[in-house]
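Right, one structure below, let's go through it.
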Amino acid sequence: MDNRILGIHHITAIAGNAQRNHDFYTKVLGLRMVKKTVNFDDPGTYHFYYGDETGTPGTILTFFPWEGISAGHTGTGMATEIGYSVPADSLEFWADRFRQHGVGQDAMAQRMGETYFGFADPDGLKINLIVSKYPDTRVPWTTPEVGAAAATRGFHSVTLNLKTIAPTVEVLTDIFGYTLKEQEGNRYRFITDTNPTAAIVDIVESPKEGRGLSGSGTNHHVAFRVHDEAAQSEFREKILRKGLHITPKINRDYFYSVYFREPGGVLFELATENPGFTVDEEKGQLGTHLKLPVQYESMRSSIEKNLPALVS
């Protein structure tokens, strides 16, 4: 079991304004800021991690808030929707809460036997709140305004929008071990049985749709969960044998990563469960300090001066 893909590890998206992003996800959506650090390739930009109490894989939504970046738009060749699992009977709470905070939302609907509605974050990122037909016993992070009866449990699914699905399906099924569970129109649902949650990848086939444009309000990459570096190495070899280019292992401080672009154009990552977010902060202090990769610690003073001020 350990040497299989264990569902979604995290999803990383692009935002514009750091303060606005922070306020929406911690105050409106009620997620925990698990880690405040910087982009490893651009230390003048924050990297925010939101999730449950400890940043459990399958709950982690991360952002690069590039100040002043142009808006992107969805299309083929990218992940276009993030699905969060929420409890039964909680959708009315969320609809009322979003109305109070001026958050645009879609009407409630049914898809593949599940009730859901979509909304957009302040940058336009599409998110669905879904009452899953599969049991979800994950313990949520709660706030004084978002209690356990309504709080998000973590990811339900991610949706990829592709011109043609066959080459990507080969990666999901032949390498990652997902199986086709059901189909509704041009939406195909793939699921792994290695985890009861954060286990679904939906693929929408859109042969006539134009390609998406990366920018604020779009997803940057989707990370899949592996147990450890040994499992990651096995998958890296499988991906190389498939003829796809994949990076060497990269230490991201809180997990180890390898990256490759699947045939449909979406950037995939394989991320380990170890070492986790408490490697440099106690559980009770997660997200309260700016943590820097070791290569940037000597530059802390200048980095802190250049980063946008952030009020918790």
Side-chain angles (χ1 to χ4, degrees), residues 8 10-13 15-37 46-63 65 81-109 114-132 135-158 197-198 216-217 277-278 281-290 308-312:
I8 300 168
H10 68 269
I11 299 171
T12 294
N17 180 269
Q19 185 71 59
R20 182 178 63 187
N21 179 267
H22 171 273
D23 290 349
F24 180 80
Y25 283 95
T26 61
K27 297 177 182 178
V28 179
L29 204 56
L31 304 181
R32 185 180 195 186
M33 170 72 90
V34 177
K35 193 66 62 179
K36 179 172 60 175
T37 183
Y46 284 116
H47 192 178
F48 294 156
Y49 291 77
Y50 305 107
D52 67 1
E53 182 179 21
T54 59
T56 306
T59 74
I60 311 161
L61 179 59
T62 97
F63 283 90
E81 299 174 34
I82 296 168
Y84 271 104
S85 173
V86 295
D89 303 320
S90 68
L91 292 181
E92 286 291 350
F93 166 88
W94 285 109
D96 289 343
R97 182 165 179 78
F98 289 161
R99 281 191 288 267
Q100 293 169 12
H101 287 273
V103 179
Q105 59 191 278
D106 301 329
M108 291 187 197
E114 297 173 320
T115 305
Y116 77 101
F117 74 80
F119 68 95
D121 83 353
D123 286 289
L125 186 70
K126 178 67 182 294
I127 298 176
N128 297 318
L129 298 182
I130 304 169
V131 178
S132 179
D136 190 341
T137 59
R138 290 176 289 182
V139 177
W141 177 253
T142 61
T143 72
E145 294 186 3
V146 182
T152 62
R153 266 45 183 176
F155 294 132
H156 168 279
S157 55
V158 66
T197 57
S216 65
F277 292 100
T278 56
E281 285 180 301
E282 295 293 330
K283 183 170 70 173
Q285 296 295 313
L286 286 174
T288 60
H289 305 92
L290 177 65
L310 193 66
V311 179
S312 298

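Side chain of Thr143 to backbone of Glu145: a donor-acceptor contact under 3.5 angstrom is found. Listed for the Trp141 side chain is no donor-acceptor partner under 3.5 Å among the backbone atoms of Gly51.
Side chains of Gln19 and Asp23: a donor on one and an acceptor on the other come within 3.5 Å. Residues Asp136 and Ser85 bring a donor and an acceptor atom of their side chains to less than 3.5 Å of each other. When only modelled atom types and interatomic distance are considered, Asp106 and Tyr116 share no side-chain donor-acceptor pair under 3.5 Å.
Atom CZ in Phe93 sits 11.5 Å away from atom CG in Leu91 (nearest 0.5 Å). Considering CZ of Phe155 and OH of Tyr84, their distance stands at 4.5 Å, rounded to 0.5 Å. A distance of 7.5 Å separates CZ in Arg138 from OG1 in Thr59, rounded to the nearest 0.5 Å. How far CZ of Arg97 is from CD of Gln105: 12.5 Å, rounded to the nearest 0.5 Å. Taking NZ from Lys283 and CZ from Phe277, the interatomic distance works out to 15.0 Å, rounded to the nearest 0.5 Å.
Heavy atoms of other residues, nucleotides or ligands lying less than 6.0 angstrom from NZ of Lys27 number more than 12.
Considering only heavy atoms from C-beta on, Val34 stays 4.5 Å or farther from Ile60 through its side chain. Side-chain contact between Leu61 and Ile82: present, with at least one pair of heavy atoms (C-beta onward) separated by less than 4.5 Å. For the pair Thr152 and Leu31, the minimum side-chain heavy-atom distance is below 4.5 Å. Counting heavy atoms from C-beta outward, Glu81 and Val158 have side chains that stay 4.5 Å or more apart. With a 4.5 Å cut-off on side-chain heavy atoms, Glu92 and Met108 count as touching. The shortest distance between side-chain heavy atoms of His10 and Thr12 falls below 4.5 Å. The side-chain heavy atoms of Asn21 and Tyr46, taken from C-beta on, include no pair separated by under 4.5 Å. Side-chain contact between Met33 and Tyr50 is present, with heavy atoms from C-beta onward closer than 4.5 Å.
The shortest heavy-atom contact between His101 and Val28 is ND1-CG2, 3.8 Å. Summarising the geometry of Thr142 relative to Ala151, their closest heavy-atom pair is CG2-CB, 4.4 Å, with the distance given to 0.1 Å. The two residues Ala18 and Pro65 have their closest heavy-atom pair at CA-CB, 3.8 Å. Taking every heavy atom of both residues into account, Ala13 and Leu125 meet most closely at CB-CD2, 3.9 Å. Taking both residues in full, the closest heavy atoms of Ser90 and Ala149 are given as CB-O, 3.8 Å, listed atom of the first, atom of the second, then distance. The two residues Arg153 and Pro87 make their nearest non-hydrogen contact at NH1-CG, 3.2 Å.
Between Arg20 and Asp123, at least one side-chain nitrogen of the basic residue sits less than 4.0 Å from a carboxylate oxygen of the acidic one, meeting the salt-bridge criterion. The existence of a salt bridge linking Glu281 and Lys35 is confirmed by a sub-4.0 Å separation between a basic side-chain nitrogen and an acidic carboxylate oxygen.
Taking the ring centroids of Phe63 and Phe48, they lie at or beyond the 6.0 Å cut-off. In summary, the aromatic rings of Phe24 and His22 are positioned with their centroids too far apart to meet the 6.0 Å limit.
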Margin query: Please evaluate residues Asn128 and Phe117 with respect to the criterion side-chain contact (heavy atoms from CB on, under 4.5 Å), reporting the C-alpha separation (whole Å), side-chain torsions for both, the decisive distance (0.1 Å), and the verdict.
Written below: CA-CA 6 Å; Asn128 297 318; Phe117 74 80; over 6 Å; no
Next item on the list: Take Tyr25 and Asp121 through the side-chain hydrogen bond (donor to acceptor under 3.5 Å, both in side chains) test and state the conclusion after the steps.
Entry: CA-CA 9 Å; Tyr25 283 95; Asp121 83 353; 2.7 Å; yes
Item checked: side-chain contact (heavy atoms from CB on, under 4.5 Å) between Val86 and Ile130, worked out -> CA-CA 6 Å; Val86 295; Ile130 304 169; 5.9 Å; no
